[in-house]
There are 2 protein chains.
Amino acid sequence: MSLEHILLGQLRQPSTGYELGKEFDDGAGHFWPAERSQIYPTLKKLEQKGWLTCSEQPSERGPRRKVYATTDAGFEELRKWLTEGPQIGRERLAYIAQVYYLGALDDFEAGLAMIRKMQARWRQSLALFEHIERAVVEESGDWQDLEPCDFFPRASLGTGLHLMRAKLAWCDETIQRLETRVGSAAATPAQEND
Amino acid sequence: MSLEHILLGQLRQPSTGYELGKEFDDGAGHFWPAERSQIYPTLKKLEQKGWLTCSEQPSERGPRRKVYATTDAGFEELRKWLTEGPQIGRERLAYIAQVYYLGALDDFEAGLAMIRKMQARWRQSLALFEHIERAVVEESGDWQDLEPCDFFPRASLGTGLHLMRAKLAWCDETIQRLETRVGSAAATPAQEND
DNA sequence: CAGATCATGTAATGCGTTACATGATTTC
DNA sequence: GAAATCATGTAACGCATTACATGATCTG
């Protein structure tokens, strides 16, 4: 329902599918992953709807590029999406499902292993977010001085941080409870990465 | 990638598509919403894969029902899903996107309105989760006494609680920051529901 | 007999993923 | 000339949503 809106949001400056694709690797990709194979056709669809215009331009380095820019109608659609109400309540969270059904294995140790792996992954994410936060704070200073265009991206980073810390707090709590349940040899450290 | 696994997890007891559909309204639906129109064909697919068996039975009240049960192969698939690693990292969180792009409106007040609506929704969810928790604690007592089949569902409820509280803490923090930014007439209370 | 509840589906459409195709330019 | 980077796509498939179809049984 929404790559369209993400792209409208991302296109504050005119840009190409290729560049937008790269932006998904770090920023927007954290809350809305997308592949270029989906981005290109979606841009075309947005153009057909009249929400973007496209101008072809030669590139200095490589083949011709299509530069897209938002139209008034496109901005209006973005505005609607940002005022009509929060998009909440249909998220699919596979990791919660995994925790929920872990009981089927009837094995605390297997569950403990799973949750330690989650902990390891989320620690990495938290470290990354904290790194980004430090960089952002250094660059644009304190909350009081921020314009909306800097305030809200920073606020969204804040959600990420709060969420990660909550997940890790839950991991700590749950791992502790599990460790009292599995016998003694429960010192297998978690390892694995993205 | 995963309604199949959710259904395998849900089918600890033999059950019908209709009943499974109802279960999604409260329990599993919180982390994995699904419609019956998707559940029925998916059950059929799982049967074809040999992960479920199906036996048709007359119903006391209404038409004949198809009762599905997990096979050994089905359980093996569930086991694999629960041990192969956490399903983390491709979640699409539209509400974070909305916060991120709110800057496009260049209007702190509009952002404040949006975040207050989020707060209202999440307060409802938190109240619901806390209600469920009280019921569960009353029914099955303290953590120490729980078997895996009760422990892990309860732990997953814990994630939900931690997550909701984190979201609300972020709302409080962000609303406060925004209130110092919008002038004086910023007392519009949030209202709206699911 | 009207309406609620039980019960199972199909069809059309849309969104997302994976794999593959193409080709220009720059750097080593 | 091989590899990296720039740049745009298509095709096949799978998963999810929406809307609609069908019909039995029970309750008032």
Side-chain angles (χ1 to χ4, degrees), chain A residues 1-8 11 14-25 28-29 31-49 51-52 54-68 81 87-94 97 194, chain B residues 1-8 11 14-25 28-29 31-49 51-52 54-68 77 81 87-94 97:
Chain A
M1 213 213 240
S2 245
L3 177 61
E4 299 192 356
H5 293 110
I6 306 295
L7 289 173
L8 286 173
L11 275 169
S15 184
T16 68
Y18 186 75
E19 278 168 42
L20 288 163
K22 275 198 298 188
E23 285 164 23
F24 277 87
D25 295 339
F31 50 78
W32 204 277
E35 304 296 325
R36 270 194 263 262
S37 60
Q38 198 193 353
I39 292 170
Y40 287 121
T42 304
L43 287 169
K44 198 173 282 185
K45 210 166 66 176
L46 288 171
E47 194 193 351
Q48 277 159 15
K49 288 193 191 185
W51 294 346
L52 300 181
C54 172
S55 76
E56 245 171 88
Q57 287 174 15
S59 152
E60 287 148 21
R61 179 198 189 83
R64 60 94 182 67
R65 17 187 275 145
K66 291 180 159 190
V67 179
Y68 289 93
W81 182 65
Q87 303 284 303
I88 287 178
R90 307 279 305 174
E91 296 92 11
R92 267 148 238 270
L93 301 175
D194 224 3
Chain B
M1 213 213 240
S2 246
L3 177 62
E4 300 193 354
H5 293 111
I6 306 295
L7 289 173
L8 287 173
L11 275 169
S15 184
T16 68
Y18 186 75
E19 278 167 43
L20 288 163
K22 274 199 298 189
E23 285 163 26
F24 277 87
D25 295 340
F31 49 78
W32 203 276
E35 304 296 325
R36 270 193 264 263
S37 59
Q38 199 193 352
I39 292 170
Y40 287 121
T42 305
L43 286 169
K44 198 173 281 184
K45 210 166 66 176
L46 288 170
E47 194 194 349
Q48 277 160 15
K49 287 193 190 184
W51 293 347
L52 300 181
C54 172
S55 77
E56 245 172 88
Q57 286 174 15
S59 152
E60 287 147 22
R61 179 198 190 82
R64 60 95 180 66
R65 17 188 276 145
K66 292 180 158 191
V67 179
Y68 288 94
E77 177 59 30
W81 181 64
Q87 304 283 302
I88 287 177
R90 306 279 303 175
E91 296 91 12
R92 267 148 239 271
L93 301 175

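So you know, we letter chains A, B, ... as the sequences are listed, proteins then strands, and number each from 1.
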Can you measure A/E91 atom CD to D/dT17 atom P for me and round it to whole angstrom units? 12 Å

Test your reading of the model: is there a side-chain donor-acceptor pair from B/R92 to the backbone of A/P33, 3.5 Å cut-off? yes

Check the pair A/F24, A/I6 against side-chain contact (heavy atoms from CB on, under 4.5 Å), reporting the backbone distance first and the verdict last. CA-CA 10 Å; A/F24 277 87; A/I6 306 295; 3.7 Å; yes

For B/K45 and for B/E35, locate the closest nucleotide of DNA chain D by heavy-atom distance; then report the residue assigned to the nucleotide nearer the 5' terminus. B/K45

Could you tell me the separation between the CZ atom of B/R92 and the C1' atom of D/dC15, rounded to a whole number of Å? 12 Å

Measure CD/B/Q87 against P/C/dG16 and give the value in whole Å, please. 18 Å

Here the distance between atom P of D/dC15 and atom CD1 of B/I39, to the nearest Å, is 15 Å

Are A/L11 and A/L43 close enough that some pair of their side-chain heavy atoms sits under 4.5 Å apart? yes

I'd like to know if the side chain of B/T16 reaches the main chain of B/E19, judged simply by a donor and an acceptor atom lying under 3.5 Å from each other, with no hydrogens or angles considered. yes

Between A/R36 (side chain only) and A/Y18 (backbone N and O only), is there a donor and an acceptor less than 3.5 Å apart? yes

Does a side-chain N-to-carboxylate-O contact under 4.0 Å join B/K49 and B/E4? yes

Check the interface with nucleotides 6-13 of chain C: list each N/O to N/O pair with the protein under 3.5 Å, or write none.
from	atom 1	to	atom 2	distance (Å)
C/dC6	OP2	B/Y18	OH	2.8
C/dC6	O3'	B/R61	O	3.1
C/dA7	OP1	B/S59	OG	3.0
C/dA7	OP1	B/R65	NH1	3.4
C/dT8	OP1	B/K66	N	2.7
C/dT8	OP2	B/Y18	N	2.9
C/dT8	OP2	B/Y40	OH	3.2
C/dG9	OP1	B/K66	NZ	2.8
C/dG9	OP2	B/K66	NZ	3.4

